[in-house]
Number of protein chains: 2
Amino acid sequence: MLDRRSKQDGKVGSSVGPRFLQIANEIRDQIHRGDLTVHDILPSERSLSEQYGVSRMTGRRALEALETEGLVYNADRRGRFVSPKRLNYNVSNMVSFVTTAQASEVDLEIEVVETAESFADTRLASLLEQPEGCGVFEYTRLFHSGKHPIFIETEYLIAERFPGFLNRNLRQSTTQILEKSYNTLANTGDIVIRMRGVQAFEAQLLNIASSHTVIELEQVIRDDKGTPFCFGRQVWRGEMAEFSAHAIVSRQDQGKA
Amino acid sequence: MLDRRSKQDGKVGSSVGPRFLQIANEIRDQIHRGDLTVHDILPSERSLSEQYGVSRMTGRRALEALETEGLVYNADRRGRFVSPKRLNYNVSNMVSFVTTAQASEVDLEIEVVETAESFADTRLASLLEQPEGCGVFEYTRLFHSGKHPIFIETEYLIAERFPGFLNRNLRQSTTQILEKSYNTLANTGDIVIRMRGVQAFEAQLLNIASSHTVIELEQVIRDDKGTPFCFGRQVWRGEMAEFSAHAIVSRQDQGKA
DNA sequence: CCGTTCATCTGGTATATACCAGTATCAGGA
DNA sequence: TCCTGATACTGGTATATACCAGATGAACGG
């Protein structure tokens, strides 16, 4: 049925390597040339397979390769689209990612997914330097940019320090709420960043396949006295962000790693 | 041939969802229970398919799912193995990742892949605050832990400031060389961390498939006067590390992101 | 005008098969 | 003893097919 040199040829003139990578390369070029731009829809698996005379699976692998590169995102059963450019999250600049983002060209929308009053478990209590079982306010928010989910954030605040916090409008920068209404300034933070597999509910909120990887950013936020008052966890679509920091070497830390 | 309730049943009693995820879950449990421990070999795609009565592709997807989670790594055509636990890289502690790692239980080996004297292009010159075309020493090293590649590091040093640098033994902490032989102390750094697709030569060095994602960490290192003297890029196997930092808020940064 | 229905897109899961290309081991020969 | 080659693994790439399930938009009916 197919007019290919052999089942697995390669090394014939121009293109080499796996067929699916050759196809991925052609599409990547189209994106870089600008034939396809941000949020444009890509050819479907089936149309790719016709266009290149390969099976659907091969077309699929080409598209999946572009997905893992972050060049393309996949909206479940609607098709694949060209990714927008990354957001930069400056973790040293704790004075509100929201404010900074909104000050630049980025339109950031916040959806409150869940709020709760609960009690700190062992780990959380230890991070917040509070007794186990102390009351905490807990809220989860989903951040969008132009209808596209970017990251999920869950924060835990020491309840007694911020009375009535959950009744406030959480669709804004919480750093500003803390600053204006509670006279609490984020001053330092201990941050951990790691790449990991996405969990089912996260995949759903972020609109990605359950086989993808995400970037998890956890931070303990302290006030000007060094007292922790907030623990936060962000789960980012990996291709949507880069994280920058300005570090000042503290030579006392040496034994810690 | 197969005794399954229907082509795509699910919802029959215990396990639900895609078959490949059910299988992945069972294997994940085995790892968490300790039936399989670090660097143990997992069942092959073919043996999984027999064991569970599924096609090879389904067994494969189960294993791939565990790979993207980082729980399992894949050594090209040798099989899949249980991943070791993550290393922690404290980016605030620039006083040598090597030294800190070697001080703890981690055995870290360094292989020098390439060294070169070259000239700074536009971007590099700008990062190092030097004129374009200035001389730089460039070296690429591969870091292993127990025969397993962890990350690739390429560093660029201002040549005239560190005469004879490339003749030194680079299989050790360069921070220490700089400190002891050139009286230069790493004091601050501007760091960017992002997740991205791996490039072919990186995939080969890191011993991962070319469809994987990695974490890229770039940093400009400055001395105590704030003068940049080194630019470095690290490419990590994403599942092998987590990055921690202690950030101090600098409110002047606000406009920068 | 609005809501329902339905055909038709999309990707998601799954099977079966085939052959390619590295890796590892072990038997046999120089 | 050491090298060679056969062999039996491993995953990698590819085809062909089937059906499921969510998304979408157009046609239809109230």
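Predicted model, so just to flag it, every value in this text is computed and none were measured.
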Rounding to a whole Å, what distance do you find between [X]:[atom1] and [N]:[atom2]?
X     : N      : atom1 : atom2 : answer
A:F20 : C:dC20 : CZ    : P     : 18 Å
A:R61 : C:dG11 : CZ    : C1'   : 17 Å
B:L48 : C:dT15 : CG    : P     : 12 Å
A:M57 : D:dA18 : CE    : P     : 15 Å
A:R19 : D:dG12 : CZ    : C1'   : 17 Å
A:Y52 : D:dT13 : OH    : P     : 18 Å

Does any donor atom in the side chain of [X] or [Y] lie under 3.5 Å from an acceptor atom in the other side chain?
X      : Y      : answer
A:S118 : A:E138 : yes
A:E155 : A:Y139 : yes
B:Y52  : B:Q22  : no

I'd like a table of atom pairs between the protein and nucleotides 6-8 of chain C - only N or O on both sides, under 3.5 Å - with the distance next to each one.
none

Please list, for nucleotides 9-11 of chain D, all pairs of protein and nucleotide N/O atoms separated by less than 3.5 Å.
residue : atom : partner : partner atom : Å
D:dT10  : OP1  : B:S44   : OG           : 2.9
D:dG11  : OP2  : B:E45   : N            : 3.0
D:dG11  : N7   : B:R46   : NH1          : 2.7
D:dG11  : N7   : B:R56   : NH2          : 3.4
D:dG11  : O6   : B:R46   : NH2          : 2.9
D:dG11  : N2   : B:R77   : NH1          : 3.0

- Message: Under 4.0 Å between a side-chain nitrogen and a carboxylate oxygen: does that hold for B:D35 and B:R33?
- Response: yes
- Salt-bridge present (A:E67, A:R237; N to O < 4.0 Å): no
- Query: Between B:H148 and B:H39, what is the ring plane arrangement, given parallel below 30°, perpendicular above 60°, and tilted in between?
  - Reply: parallel
- Pairs involving residues 196-211 of chain A, ordered by first then second residue, that meet salt bridge (Lys or Arg N to Asp or Glu O under 4.0 Å) (sequence neighbours left out): A:R196-A:E202, A:R196-A:E216
- Message: For A:F243 and B:F243: C-alpha separation, side-chain torsions, deciding distance, then whether ring-ring contact (aromatic ring centres under 6.0 Å, His included) applies.
- Response: CA-CA 11 Å; A:F243 303 86; B:F243 302 86; over 10 Å; no
